[in-house]
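Written out below as structure tokens is the structure these notes cover.
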Amino acid sequence: MLLFIAPYGFAQDVFERFGERPYKGRVDYLVELPTGKSITQYGTGSVLLERSAPGKANLQLQSKVSGTATEAELTIPGIYDDTGWRGDPGEVQVSIDADGRIKGGGTSDGRTFLFSGTFSPTDVRLEVRVTMAREEGGAPAGTILTYDYRVKRESFEAQVGQDEEGGCRLVMRPIANFGGGMTMAQVPECD
């Protein structure tokens, strides 16, 4: 009986450690052009692992540079169990293991993605690197975009009993999926 209960309990622990409450903070954008020129911008963003059904959760990434059109939103549906969280099968695979290590990558719609970083109960350090195979939005083929998330949240214990002022809230937004489709999802919007 304990063999059947232990994996389920561990899966809950993984989700409870990293899920439901958004991490928010700084996001650095690095644009590397094939000519060797690079541009760095600084913005804000959030990372949220949100339950969508029992055993299922979406990883939601959101970032924006204030006063510019530079923003990104990405939702990756997935499942969690005793080994951690992993995105649904598809062209781009992302996973968060039970110790909080993030890894993954793949190619979708002319873009190559590489994910790396770590989750902890209070911090996420995530790098998302996107290499464009073709010209897009004025950027030439071969351009590399790097999103460096350095986001935090208070521990659950510190949040108990506090009223939420400012911070992040969930709002419905159209989100682009890998492969070009669109879906409506709740995403964190942070002050």
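- Using modelled atom types, no side-chain atom of R86 and backbone atom of D81 make a donor-acceptor pair closer than 3.5 Å.
- Here T68 pairs with Q41, V65, T70 under the side-chain contact (heavy atoms from CB on, under 4.5 Å) rule; sequence neighbours left out.
- Salt-bridge annotation for R134 and D109: present, with a side-chain N of the basic residue lying under 4.0 Å from a carboxylate O of the acidic one.
- Under the salt bridge (charged side-chain N to carboxylate O under 4.0 Å, His left out) criterion, the residue pairs touching residues 135-144 are R111-E136, with sequence neighbours excluded.
- Partners of S38 by side-chain contact (heavy atoms from CB on, under 4.5 Å), not counting sequence neighbours, listed by chain and number: L30, E32.
- Put simply, the side chain of P22 does not reach to within 4.5 Å of the side chain of V47, judged on heavy atoms.
- Every residue two or more places apart in sequence or in another chain that forms a ring pair (Phe, Tyr, Trp, His ring centres under 6.0 Å) with F119 is listed here: F18, Y23.
- Between T83 atom OG1 and I96 atom CD1 the span is 11.0 Å, to the nearest 0.5 Å.
- Here ring pair (Phe, Tyr, Trp, His ring centres under 6.0 Å) pairs that include residues 28-76, with residues two or more places apart or in two chains, are Y29-Y147.
- Evaluation of the side chain to side chain donor-acceptor pair (under 3.5 Å) rule for T107 yields T112 as partners, not counting sequence neighbours.
- With sequence neighbours excluded, the residues that form a salt bridge (charged side-chain N to carboxylate O under 4.0 Å, His left out) with E71 are K64.
- Scored by the side-chain contact (heavy atoms from CB on, under 4.5 Å) test, A141 finds no partners at all (sequence neighbours excluded).
- For the salt bridge (charged side-chain N to carboxylate O under 4.0 Å, His left out) test, residues two or more places apart in sequence or in another chain that qualify with R150 are D28, D148.
- For the side-chain contact (heavy atoms from CB on, under 4.5 Å) test, residues two or more places apart in sequence or in another chain that qualify with S52 are K56, N58.
- Among residues two or more places apart in sequence or in another chain, the salt bridge (charged side-chain N to carboxylate O under 4.0 Å, His left out) test is passed with K152 by D123.
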